[in-house]
Amino acid sequence: MQPQKIRIDTEFIRLDSLLKLSGLCETGGQAKKAVQCGEVSLNSELCTMRGKKIRPGDIVVYGEKKVEVIPK
């Protein structure tokens with residue numbers, strides 16, 4: 001599965017914001033629920049902190065979709 005590339009121009013992005021920005025979740029509420037229910041992994045490890053700082057090089061997986069954060 002090839003990851004979708006998401007470019008950020010800041011030092012980091014919060015996990016819930018990344019889920020919305022990438023289109024993996026339609027709303028902030030959906031992103032919050034997905035993270036809190038243990039449905040999201042960060043760099044191959046389960047992540048339940050929706051405010052987790054995601055930096056360039058990190059890979060987030062939700063369901064069948066994978067997102068890689070890249071720098072500007």
Side-chain angles (χ1 to χ4, degrees):
M1 160 177 40
Q2 277 290 54
Q4 172 187 356
K5 308 266 189 207
I6 297 293
R7 190 175 306 276
I8 62 171
D9 57 2
T10 56
E11 181 183 345
F12 65 86
I13 184 170
R14 287 173 34 128
L15 178 56
D16 56 352
S17 297
L18 175 67
L19 292 172
K20 288 191 315 184
L21 177 67
S22 66
L24 297 183
C25 292
E26 293 181 15
T27 66
Q30 184 183 13
K32 176 182 175 181
K33 183 177 178 185
V35 174
Q36 289 178 336
C37 290
E39 299 172 359
V40 178
S41 67
L42 169 63
N43 300 326
S44 301
E45 293 185 17
L46 183 67
C47 183
T48 57
M49 299 183 328
R50 67 185 177 125
K52 179 76 175 168
K53 294 177 181 176
I54 309 301
R55 301 181 192 292
D58 287 339
I59 296 178
V60 173
V61 177
Y62 174 52
E64 296 291 317
K65 299 181 181 171
K66 184 187 285 189
V67 171
E68 180 179 0
V69 178
I70 59 175
K72 182 175 180 180

Quiz: residues 33-50 side-chain donor-acceptor pairs under 3.5 angstrom, not counting sequence neighbours:
| unit_1 | atom_1 | unit_2 | atom_2 | d |
| --- | --- | --- | --- | --- |
| Asn43 | OD1 | Ile59 | N | 2.8 |
| Asn43 | ND2 | Asp58 | OD1 | 2.9 |

| query | Would you say the side-chain atoms of Arg7 pair up with the backbone N or O of Pro71, donor to acceptor, closer than 3.5 Å? | reply | yes
| query | Mind checking whether Ile8 and Val67 sit in one hydrophobic cluster, side chains of I, L, V, M, F, W, Y counted as touching below 4.5 Å? | reply | yes
| note | Sequence neighbours excluded, the answer for side-chain hydrogen bond (donor to acceptor under 3.5 Å, both in side chains) partners of Lys72 is none
| query | Which value, rounded to the nearest 0.5 Å, describes the distance between Arg55 atom CZ and Thr10 atom OG1? | reply | 9.5 Å
| query | How long is the span from the CG atom in Leu15 to the SG atom in Cys25, to the nearest 0.5 Å? | reply | 9.0 Å
| said: Please report the interatomic distance NZ(Lys32) to NZ(Lys20), rounded to the nearest 0.5 Å. | reply: 12.0 Å
| task | Hey, could you give me the NZ/CD distance between Lys66 and Glu64, rounded to the nearest 0.5 Å? | result | 11.0 Å
| said: Rounded at 0.5 Å granularity, tell me how far CG in Leu18 sits from CD1 in Ile6. | reply: 6.5 Å
| request: Mind listing the closest non-hydrogen atom pair of Pro3 and Glu68 along with its distance? | output: CG-OE1, 3.8 Å
| said: For Tyr62 versus Leu19, what's the shortest heavy-atom pair and its separation? | reply: CB-CD2, 4.4 Å
| said: Could you see if Val61 belongs to whatever hydrophobic cluster contains Ile54? Use Ile, Leu, Val, Met, Phe, Trp, Tyr and a side-chain cutoff under 4.5 Å. | reply: no
| said: Once rounded to the nearest 0.5 Å, what's the spacing between atom NZ of Lys52 and atom CZ of Arg14? | reply: 12.5 Å
| message | Using the rule that Ile, Leu, Val, Met, Phe, Trp and Tyr join whenever any side-chain heavy atoms are under 4.5 Å apart, tell me whether Phe12 and Val69 fall into a single cluster. | response | no
